[in-house]
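Reminder, nothing fancy here: chain letters follow the sequence lines and each chain counts from 1.
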Amino acid sequence: MSRRTPKFSTPLPRTPPGPVRIYDTLREKVVPLEPLVPPRVGMFVCGLTPYKPSHIGHARTFVFFDTVARFLAQEGYHVFYVQNVTDIDDKILRVAAEERVDFSVVAERNFAQYLRDMDRLGVRSVNLYARCTDYLPEILEQIQELVDREMAYAAGGDVYFDVSRFPRFGALSKQRKEDLQPGARVEVDPRKRSPEDFALWKSAKEGEPRWESPWGPGRPGWHIEDTAITVNVLGPRYDIHGGGTELKFPHHEAEIAQAESATGESPLASIWMHAGVLTMQGEKMSKSLGNVLDLSSALSQVAPDVLRFFLLSGLYRSPLEFAGTASFEEAERAYRTLERPYRRGEELWREAREDGGPTLPEEVKAGSRRTVDRMVEALRADFNIREATAALYGWSREVGARWASVEPRRRADLDVELAPYRFARDVLGYFSVGTYAPPAAPGDLLKALVEDLLKVRQRARERGDFGEADRIREELADLGIRVEDSPRGPSWRLERGGT
RNA sequence: GCCGAGGUGGCAGAAUGGUUAAUGCGACGGACUGCAGAUCCGUUUCUUGGGGGUUCGAUUCCCUCCCUCGGCUCCA
């Protein structure tokens, strides 16, 4: 596949080539994406530590980077997207100890749940989920390399990275060593030579899981797995590193220090992307603060497609405020006003004639193309999803009037009119993610009964007995069956949570 | 204290050194409908946190003050 080849099942208007521009935290400006080995793009995003079920704050980051990967693929890049899974760490051990089970039970249970939730949200672009515990040889090798180069030192079974040997430490987060407040939030380990040093290897305490190492039995520190994984999977340098903004310091600084010291190559990642946090009542949603909404609870309150839409609203770099149910309700209304015309268009497409070419006026075809162009341009400008969505709203107004009529249509025309929606579907994941439970799977018996009732109602309407007609409609509504009249006759569907 | 990101209409939330500051939600009016819904059309509200500066012109650039959020070794 060459660059710029659309991946769509239906032809999409060609958008003129142009670079994707992304804000790079390290350089503090928007820079063009220039892959090291075009058209390949290597992308790594810091994954989660599955010690608890994940929440909608995590989902924001991962839904966003899923969209990044989808868009880059749409732009013709061959994306390889890696996410790590920190399946061994202090908190997992703590939970495992409480439950009296092996740490892997806790990690695998929560990770499996995470995968199910991500699947429901339409996150499907990750090519490799790399578990820390699957990379012990690579981790040990990288630590050894750092020790050999005297960038790290062993101390009582632990191994620490010597930050004083890496002057660029702090470049990403713009922190100067002297400005840091050691111990501001976390106790300083007395075995470190300097407070800013960080652990590469932690010696095993009594009863803890352990792996053998030249420094004694223990387990990897928090930061080392990511670079051991990326150096081996993506190489010493790669194109995009993503993660939540709160990981900038110290985690991403540590990654840079480790990888660049171990490989001697720089920069580790060409572009550092940071997704803003999800806040709740003005505070970061955080597992440790406890102000979290678990993904599974969220998905019991709101349809997955609406949740995805909500998480993608707003600029990815800014904080996104979650105001509880009100946020979901507003997102739902906003999303459905896009979804309704899309569904209508696809329905018309299914009913349309297959033969013949497009008959739409040129300005309609141009309008469709302009809309897609505007969406592509918005996404190329540092993933402005909001602007891309605004373009789709504009297009919805245009097709809304045409699609209200009952004239017969051609598929070729509808392909043109649907192109902007299909772009949103494929790239942003709108309209393609699960909606409320039974989408419309009424049994045959129910179907027959409802259709019969609607015939009775139609006869009542025809003889002007609107009282009876409305009564039938209301009674059906009470049963969760929604009836709507249109020039094409009545239609009905099961409401959310309906029969 | 230090670093970073922000403060835009009733709400959410974009954008730009220069015509009337997107878009959505809400509200109001109209068309369509027996009614409702959906759809379409129109209206509604901000002069862009306070102050100062640069400029022919700033919401957009600079300075300063106030406030919010994130980070300063648990965190997506």
Side-chain angles (χ1 to χ4, degrees), chain A residues 25 28 45-49 51 54-65 83 89-91 163 170 173-189 192 195-199 222-223 242-251 253-254 274-279 282-289 310 313-315 317-321 323 326-327 329-335 337-338 340-341 344 378 381 384-387 389-394 396-405 461 464-467 469-470 473-474 477 482-487 491:
Chain A
T25 307
E28 297 183 277
V45 174
C46 289
L48 78 163
T49 302
Y51 75 101
S54 43
H55 56 71
I56 60 176
H58 301 124
R60 183 198 186 189
T61 297
F62 299 124
V63 164
F64 169 68
F65 283 107
Q83 215 179 86
D89 97 325
D90 291 346
K91 281 169 297 194
V163 170
S173 56
K174 321 300 169 198
Q175 306 267 8
R176 290 179 312 174
K177 223 184 292 180
E178 49 272 32
D179 290 335
L180 298 179
Q181 290 190 345
R185 290 168 69 187
V186 177
E187 298 278 324
V188 175
D189 192 310
K192 294 178 181 180
E196 66 267 20
D197 292 350
F198 54 87
W222 174 34
H223 316 293
T245 187
E246 80 280 11
L247 295 177
K248 244 184 266 178
F249 190 97
H251 185 236
E253 298 283 7
H274 291 281
V277 291
L278 187 76
T279 59
E283 271 196 320
K284 184 181 69 160
M285 183 173 288
S286 154
K287 282 189 276 197
S288 38
L289 284 175
F310 168 71
S313 61
L315 279 189
R317 287 196 277 139
S318 305
L320 181 66
E321 168 72 7
S327 293
E329 285 167 0
E330 178 167 346
E332 165 121 33
R333 284 190 296 265
Y335 173 69
T337 63
L338 282 179
R340 270 189 302 263
R344 169 96 175 112
N384 192 332
I385 293 168
R386 188 87 188 188
E387 165 70 16
T389 305
L392 195 58
Y393 278 109
S396 290
R397 259 198 314 282
E398 292 193 42
V399 295
R402 272 199 306 284
W403 287 352
S405 80
R461 293 180 73 202
D465 186 353
F466 297 117
D470 289 349
R473 186 169 63 192
E474 277 159 32
R482 179 153 181 156
V483 176
E484 289 173 4
D485 297 309
S486 79
S491 67

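Atom C1' of G9(B) sits at a distance of 15 Å from the matching atom of U43(B), rounded to the whole Å. For the C1' atom pair drawn from G49(B) and C69(B), the interatomic distance equals 15 Å after rounding to whole Å. For the P atom pair drawn from G71(B) and G18(B), the interatomic distance equals 36 Å after rounding to whole Å. Rounded to whole Å, the C1' atom of U20(B) lies 16 Å from the corresponding atom of G42(B). Nucleotides C32(B) and G37(B) are separated by 16 Å at their P atoms, to the nearest Å. Nucleotides A38(B) and U33(B) are separated by 11 Å at their C1' atoms, to the nearest Å. Separation of the C1' atoms belonging to A31(B) and G50(B) is 47 Å when rounded to the nearest angstrom. The gap from the C1' atom of C40(B) to that of U48(B) amounts to 32 Å, rounded to the nearest Å.
For Arg340(A), a side-chain nitrogen or oxygen approaches OP1 or OP2 of U39(B) to under 4.0 Å. Regarding contacts with the backbone of G71(B), a side-chain N or O of Lys284(A) is found under 4.0 angstrom from either OP1 or OP2. An OP1 or OP2 oxygen of G34(B) is reached within less than 4.0 angstrom by no side-chain nitrogen or oxygen of Arg473(A).
Across all strands shown, A27(B) forms a Watson-Crick or G-U wobble pair, both distances under 3.5 Å, with U43(B). In this entry C56(B) has G18(B) as its Watson-Crick or G-U wobble partner, both defining distances falling under 3.5 Å. Summarising the base pairing, A76(B) is matched to no nucleotide, lacking a Watson-Crick or G-U wobble pair whose two defining distances lie under 3.5 Å. In this structure G4(B) sits in a base pair with C69(B), meeting the Watson-Crick or G-U test at under 3.5 Å.
Closest heavy-atom contact between Leu247(A) and Cys46(A): CD1-CB, 3.7 Å. Between Lys284(A) and Val277(A), the closest heavy-atom pair is CD-CG1, 3.7 Å. Considering all non-hydrogen atoms of both residues, Val45(A) and Gln83(A) come closest at O-CG, 3.2 Å.
Between the CZ atom of Arg482(A) and the C1' atom of A36(B) there is a distance of 9 Å, given to the nearest Å. Between the P atom of A76(B) and the CD1 atom of Ile56(A) lies a distance of 15 Å, rounded to the nearest Å. As rounded to whole Å, 12 Å separates atom P of A36(B) from atom CZ of Arg461(A). Atom CG in Asp485(A) sits roughly 11 Å away from atom C1' in A38(B) (whole-Å rounding). One can place OH of Tyr393(A) at 12 Å from P of C40(B), the figure rounded to the nearest angstrom. Across the protein-nucleic acid pair, Glu332(A) atom CD and G26(B) atom P stand 12 Å apart, rounded to whole Å. Between the C1' atom of A76(B) and the CZ atom of Arg60(A) lies a distance of 10 Å, rounded to the nearest Å. Rounded to whole Å, the distance from CD on Glu246(A) to C1' on A5(B) is 14 Å.
Minimum atom distance to the side chain of Leu278(A) is reached by A76(B), of the listed G24(B), A76(B), U39(B). Side-chain proximity of Arg397(A) to U23(B), A36(B), A76(B): nearest is U23(B). Checked against C40(B), U23(B), C25(B), the side chain of Ala390(A) finds its nearest nucleotide in U23(B).
Across all strands shown, Ala275(A) has no heavy atoms under 4.0 Å from either base or sugar-phosphate atoms. At a threshold of 4.0 angstrom between heavy atoms, the contacts of Ser491(A) with the nucleic acid are absent. Counting non-hydrogen atoms under 4.0 angstrom, Gly400(A) reaches the backbone sugars and phosphates but no base. Gly170(A) comes within contact range of no nucleotide atom at all, as no heavy-atom separation falls under 4.0 Å.
Using a 4.5 Å heavy-atom cutoff, the side chains of Leu338(A) and Thr389(A) are in contact. Side-chain contact between Phe310(A) and Ser327(A): present, with at least one pair of heavy atoms (C-beta onward) separated by less than 4.5 Å.
A stacking contact between Phe249(A) and G71(B) is absent: the pair does not combine a ring-centre distance of less than 5.5 Å to the base's six-membered ring with planes differing by less than 30°.
Judged by closest nucleotide on RNA chain B, Arg317(A) is the one of Phe62(A) and Arg317(A) placed further toward the 5' end. If Asp89(A) and Thr245(A) are placed on RNA chain B by their nearest nucleotide, the residue sitting closer to the 5' end is Thr245(A).
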Criterion side-chain contact (heavy atoms from CB on, under 4.5 Å) on His58(A) and Leu278(A), from CA distance to verdict: CA-CA 8 Å; His58(A) 301 124; Leu278(A) 187 76; over 6 Å; no
side-chain contact (heavy atoms from CB on, under 4.5 Å) between Tyr51(A) and Asp90(A), worked out: CA-CA 9 Å; Tyr51(A) 75 101; Asp90(A) 291 346; over 6 Å; no
Lys248(A)/Glu246(A) under salt bridge (charged side-chain N to carboxylate O under 4.0 Å, His left out): CA gap, chis, key distance, verdict: CA-CA 6 Å; Lys248(A) 244 184 266 178; Glu246(A) 80 280 11; over 6 Å; no
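One distance of note links OH of Tyr335(A) with CZ of Arg340(A); it measures 11.5 Å at 0.5 Å rounding. To the nearest 0.5 angstrom, Lys91(A) atom NZ is 5.5 Å from Thr49(A) atom OG1.
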Heavy-atom protein contacts under 4.0 Å, nucleotides 7-14 of chain B, coded B base, S sugar-phosphate only, - none: ----BBSS
